[in-house]
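Just below is one structure, and these are the notes that go with it.
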Amino acid sequence: MGDSNQSMTLDFTLMDLFSHSGPHLVLFSLVAAVFTTGLLGNAILLFLICIDSRLHTPMYFLLRQLSLLDVGFPLVTIPKMAANFLQGEGSISFGGCAAQMFFLMLLGVSEGVLLSLMSYDRYVAVCHPLHYPVLMRHQVCLFMVGISWLSGVLVASIQTSITLHFPYCASHTVDHFFCELPALLKLSCVDTSGYELALSISGVLILLLPLSLIVTSYSHVLGAVLRMRSAEARYKAFTTCSSHITVVGLFYGAAVFMYMVPGTYHSPQQDNVVSLFYSLVTPTLNPLIYSLRNREVRVALVKVLGRTGFRSKRRRHHGVCWVDPRTLPYS
């Protein structure tokens, strides 16, 4: 207990992902640009889904939750990394490290479960279209979203509390640019091999169970698509499902590398690259994948841009003679 209380009073030092040399400054600027693009893309997608009534469907309801998760992922890690880079130091408090680890795990588990449930939505839409309004009614969608968030909170609470219970009396330099559970365990001054084994087993279950649902759902979807007689229907189903498969591949590819491949098979540098990929690049690509490949999103975006352009043209056209009555002295 004394070691645990002592560790809670100490700060950690995060690894500097970029030095202040010329090439690294360019890389830092690139990361900042990708971060801004990702936030803007997800915000636009959230906005379109909220205002366009044609996007008020179960698929886009789940996609809205995915965008919320993709907004959270980079916000947990990138601002702190940027602040450390600009200040020239990488310290983070014990509480800040705990918060990073908790929210990253919450968002990661929630997104993994949500992606598997989104595959079930596509399975119902393609294989049982007549029953879709019943099987994917609003209560079911709310239940799906609740399950995904609850799973994330449960796993994050358990894993974070166990990890932070270990005393950290050795070096406090985390060989990572944010506080991630595997990197933090290496700093403990007690034997954590038993917990690391349990963590690997739980990681396999957390990853493989949703992944098995995704594989099962899309095997049925693929069979149904190949049996479709209409080329237009086959193309629409394939386009929608391929967008989701692309997102699943990006997310689970990085997650499997980090949590299912033993740490002896990848270096800290590789861990940093993969972590940067799933915490920044994937959340940035997700809205682009869905907006570029889904006709409904493109139509909604064009509609909003067209409406905005029409209003600006109308104001410019009447700008010479139009006066706001509220600005007149007698109004």
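- With hydrogens and angles disregarded, a donor-acceptor distance shorter than 3.5 Å links the side chain of Gln100 to the backbone of Cys179.
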Do Asp70 and Leu45 pass the side chain to side chain contact (heavy atoms under 4.5 Å, CB included) test, and can you show the C-alpha distance, the side-chain angles, and the key distance before you say yes or no?
CA-CA 11 Å; Asp70 286 339; Leu45 191 56; over 6 Å; no
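- Linking Ile, Leu, Val, Met, Phe, Trp and Tyr residues whenever their side-chain heavy atoms come within less than 4.5 Å places Phe47 and Ile49 in a single cluster.
- Tyr120 is not connected to Val134 by any chain of hydrophobic side-chain contacts under 4.5 Å among Ile, Leu, Val, Met, Phe, Trp and Tyr, and they are in different clusters.
- For the residue pair Ser275 / Glu180, a side-chain donor-acceptor distance below 3.5 Å is found, with atom types taken as modelled.
- Residue Leu14 holds its CG atom at 11.0 Å from OG1 of Thr77, rounded to the nearest 0.5 Å.
- The backbone N or O of Ser157 sits nowhere less than 3.5 Å from a side-chain atom of Thr160 that would complete a donor-acceptor pair.
- Side-chain rings of His176 and Phe178 approach one another, their centers coming within less than 6.0 Å.
- Distance OG/Ser219 to CD1/Ile214: 12.0 Å, rounded to 0.5 Å.
- Taking hydrophobic clusters as Ile, Leu, Val, Met, Phe, Trp and Tyr residues chained together by side-chain heavy-atom distances below 4.5 Å, Leu213 does not share a cluster with Val247.
- Phe277 and Leu30 fall within the same hydrophobic cluster, defined by Ile, Leu, Val, Met, Phe, Trp and Tyr side-chain heavy atoms under 4.5 Å apart, directly or through other members.
- Put simply, the side chain of Ser212 gets close to the backbone of Leu209: a donor and an acceptor are under 3.5 Å apart.
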Show your reasoning for whether side chain to side chain contact (heavy atoms under 4.5 Å, CB included) applies to Leu164 and Met101.
CA-CA 10 Å; Leu164 296 181; Met101 189 163 49; 3.6 Å; yes
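- Here the CD atom belonging to Glu296 is positioned 12.5 Å from the CG atom belonging to Leu48, to the nearest 0.5 angstrom.
- A donor-acceptor pair under 3.5 Å is formed between the side chain of Tyr252 and the backbone N or O of Gly112.
- A 4.5 Å side-chain heavy-atom check between Val190 and Pro167 finds at least one atom pair inside the cut-off.
- The main-chain N or O of Pro283 is found under 3.5 Å from a side-chain atom of Asn42 such that the two form a donor-acceptor pair.
- Atom CZ of Phe73 and atom OG1 of Thr284 lie 12.0 Å apart (nearest 0.5 Å).
- If you check the side chains of Tyr60 and Asp52, you find no donor sitting under 3.5 Å from an acceptor.
- Residues Ile289 and Leu250 are in side-chain contact: their nearest non-hydrogen atoms beyond the backbone lie under 4.5 Å apart.
- At a threshold of 4.5 Å between non-hydrogen side-chain atoms, the residues Val153 and Val109 do not count as touching.
- Between His128 and His131, the ring planes lie perpendicular to each other; the angle is over 60°, past the 30° to 60° tilted range.
- A donor-acceptor pair under 3.5 Å is absent between the side-chain atoms of Ser148 and the main chain of Val113, judged by distance alone.
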Run the numbers on Asp121 and Tyr132 for side chain to side chain contact (heavy atoms under 4.5 Å, CB included), then give the verdict.
CA-CA 9 Å; Asp121 168 76; Tyr132 187 81; 2.5 Å; yes
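- Leu39 is connected to Val281 through a chain of hydrophobic side-chain contacts under 4.5 Å among Ile, Leu, Val, Met, Phe, Trp and Tyr, so both are in one cluster.
- Going from atom OG of Ser217 over to atom CG of Leu222 covers 12.5 Å, rounded to the nearest 0.5 Å.
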Phe85/Leu25 under side chain to side chain contact (heavy atoms under 4.5 Å, CB included): CA gap, chis, key distance, verdict
CA-CA 10 Å; Phe85 174 80; Leu25 284 172; 3.4 Å; yes
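- Met136 contributes atom CE, which lies 5.0 Å from atom CG of Leu62 (distance to the nearest 0.5 angstrom).
- The shortest side-chain heavy-atom distance between Trp149 and Leu114 does not fall under the 4.5 Å cut-off.
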